[in-house]
Amino acid sequence: MRIVILDDYQGVARDMADWRALEARADIEVERRYIGDRAAMADRLAGVEIVVAMRERTVFDRDMLGCLPDLKLLVTTGMVNASIDLDAAREQGVTVCGTSSGGPDAAELAFALMIALARRIPQEDRALRKNGAWQTGLGMTLNGKTLGLLGFGKLGKRMAGFGAAFGMRVQALSRSLTDADAADHGVKRAETLGTLLETSDVLSIHVPLSRATGGLIGADGLEQMKPGAILVNTSRGPIVEENALIAALRSGRIQAGLDVFATEPLPADHPFLHLPNVLVTPHIGYVTEDSYRVYFGGAVEAIAAWLDGDPVRVLT
Ligand SMILES: NC(=O)C1=CN([C@@H]2O[C@H](COP(=O)(O)OP(=O)(O)OC[C@H]3O[C@@H](n4cnc5c(N)ncnc54)[C@H](OP(=O)(O)O)[C@@H]3O)[C@@H](O)[C@H]2O)C=CC1
Ligand SMILES: O=C(O)C(=O)CO
């Protein structure tokens with residue numbers, strides 16, 4: 001039996017959980033490289049029975065699954081993975097199961113991106129290191145400013161708490177959010193996306209990518225944002241039209257903190273990497289020691305249970 005753990009870029013999976021019980025029953029291989037090429041991925045997984053896949057990094061669609069006739073168990077971290085064709089897996093007899101979620105870490109990152117841009121931390125750090133420049137611009141005080149949340153689920157609510165602690169006025173837009181729910185959470189319900197964009201000093205995106213949210217913020221929406229406003233996207237790149245965002249950033253009207261992109265990993269020559277008013281992180285919203293312990297601990301438990309014929313948490 002062969003187990004391959006994909007996407008362990010930091011090489012930490014083996015330290016994060018107790019794999020000893022599985023070592024006696026299977027060869028455990030760790031893949032630290034990002035394998036973007038589908039043919040290379042199919043080659044890498046040829047003859048492998050169990051794969052641990054980190055979130056949505058690798059696309060296991062019908063074609064890819066068809067290239068992996070030996071695959072029996074696919075364990076993904078968390079309980080949602082839009083990159084796996086669950087019907088195709090079921091038809092092929094592949095069990096797809098998940099682990100507990102790592103927690104609301106992505107809200108901490110979103111808030112960090114906001115603070116860093118508001119207080120010009122990356123700009124001042126770069127200028128100081130480059131030529132010793134001492135104070136190159138003016139930051140924005142967050143106390144008293146308006147934080148707009150697009151999406152008010154687990155992460156949106158967590159952000160609302162952080163915003164309130166910083167003395168920000170918080171408003172949110174979510175399809176099922178009522179005025180009463182909003183008031184219960186100490187936030188104001190925004191009536192429309194337009195209002196949210198026009199009246200927020202910081203807009204943080206916390207909706208999932210779906211048919212309804214792909215391209216939800218385009219050139220017109222970006223134009224509606226306040227001059228100097230900060231856009232934070234830790235959700236999914238395609239929710240904001242990338243070309244429109246690049247144009248808005250080039251114009252200098254807004255700033256952006258981005259953890260997610262239309263293409264990941266971000267290509268080396270991408271315009272975001274050359275714009276001074278953009279702070280980028282490599283999709284690290286959930287990349288913490290604490291989350292990884294939950295993920296890899298859960299993966300070991302799932303594999304052991306499956307090998308023993310016990311129930312596993314199947315993705316539906
Ligand atoms: N960067 C990273 O590493 C991570 C990123 N994420 C991203 O963050 C996203 C949010 O996570 P989380 O808060 O846990 O998700 P939740 O499912 O808890 O919340 C999503 C919210 O979005 C709202 N929503 C969905 N569709 C729309 C729409 N069309 N218009 C307005 N609101 C909408 C939902 O409410 P309603 O149905 O009422 O509209 C809900 O309030 C995830 O989908 C994922 O993309 C998550 C974890 C880590
Ligand atoms: O959990 C998520 O949705 C993530 O973005 C982590 O990949």
Side-chain angles (χ1 to χ4, degrees), residues 6-10 34 52-60 76-84 98-114 148-163 170-182 184-185 187 189-197 200 203-218 221 231-240 256-262 264-266 279-292 294-296 298-299 315:
L6 293 176
D7 311 311
D8 181 14
Y9 310 135
Q10 298 90 340
Y34 171 76
V52 178
M54 192 47 99
R55 293 292 179 155
E56 285 151 353
R57 302 288 174 280
T58 304
V59 175
F60 289 95
T76 180
T77 52
M79 282 304 290
V80 180
N81 191 324
S83 300
I84 302 175
T99 69
S100 297
S101 148
D105 326 39
E108 294 178 8
L109 182 78
F111 212 76
L113 292 172
M114 173 183 81
L149 301 170
L150 176 55
F152 201 59
K154 291 182 285 300
L155 298 178
K157 290 191 178 87
R158 188 93 173 144
M159 284 293 281
F162 295 161
V170 185
Q171 54 178 350
L173 180 80
S174 220
R175 292 165 308 184
S176 60
L177 185 64
T178 61
D179 288 330
D181 284 345
D184 280 352
H185 287 92
V187 309
R189 184 177 72 86
E191 300 264 341
T192 64
L193 179 57
T195 318
L196 189 75
L197 292 166
S200 297
L203 179 84
S204 192
I205 302 177
H206 300 288
V207 289
L209 178 61
S210 67
R211 269 198 212 115
T213 62
L216 187 60
I217 300 183
L231 173 80
V232 175
N233 189 2
T234 54
S235 208
R236 286 294 178 264
I239 294 168
V240 185
L258 308 171
D259 186 46
V260 288
F261 307 93
E264 295 184 10
L266 196 59
L279 175 53
V280 285
T281 48
H283 202 145
I284 54 167
Y286 68 103
V287 181
T288 66
E289 187 169 336
D290 310 80
S291 280
Y292 271 37
V294 174
Y295 288 152
F296 289 119
L315 259 64

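Remember, it's 1-based here, ligands and their atoms both numbered in the order they're listed. Residue numbers start at 1 and run along the sequence shown.
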**Q.** Protein heavy atom at shortest distance from atom 22 (O) of ligand 1
**A.** P208 CD, 3.5 Å
Q: Look at atom 6 (N) of ligand 1 and say which protein heavy atom is nearest, naming residue and atom and giving the distance to 0.1 Å.
A: T234 O, 3.9 Å
Q: Report the residues that fulfil side chain to side chain donor-acceptor pair (under 3.5 Å) with D179, sequence neighbours left out, ordered by chain and then residue number.
A: R189
Q. Closer than 4.0 angstrom: is that true for some heavy atom of L209 and an atom of ligand 1?
A. no
Q.
Evaluate V260 for polar contact with ligand 1, using N/O atom pairs at a separation under 3.5 Å.
A. no
**Q.** Close residues, ligand 2: non-hydrogen atom nearer than 4.0 Å
**A.** R55, R57, R236, H283, Y286
Q. Judging by distance only, is a nitrogen or oxygen of G153 under 3.5 angstrom from one on ligand 1?
A. yes
Q | The one among S210, S235, G151, P282 that brings a heavy atom closest to atom 45 (O) of ligand 1 | A | S235
**Q.** Set of salt bridge (Lys or Arg N to Asp or Glu O under 4.0 Å) partners for E108, sequence neighbours left out
**A.** none
(Q) Using a 3.5 Å cut-off on N or O atoms only, is R175 in polar contact with ligand 1? (A) yes
Q) Identify the closest protein heavy atom to atom 20 (C) of ligand 1: which residue and atom is it, and at what distance? A) H206 O, 3.6 Å
Q) What's the shortest distance from atom 17 (O) of ligand 1 to any protein heavy atom, and which residue and atom give it? A) K154 NZ, 4.1 Å
Q) Of all residues at least two apart in sequence or in a different chain, which pass the side chain to side chain donor-acceptor pair (under 3.5 Å) check with S83? A) none
Q) Are any of the N/O atoms in G156 less than 3.5 Å from those in ligand 1? A) no
Q) Quick one: which of L266, N233, I239, T281 gives a side chain to side chain contact (heavy atoms under 4.5 Å, CB included) with V260? A) N233
(Q) For H283 and Y286, take the angle between the two ring planes, folded into 0 to 90°, and tell me which bin it lands in: parallel under 30, tilted 30 to 60, perpendicular over 60. (A) perpendicular
Q | Candidate with minimal heavy-atom separation from atom 29 (N) of ligand 1, of T213, I205, V207, D181 | A | T213
Q.
To check your reading of the model: name the closest protein heavy atom to atom 38 (O) of ligand 1, its residue, and the distance in Å.
A. S176 OG, 2.4 Å
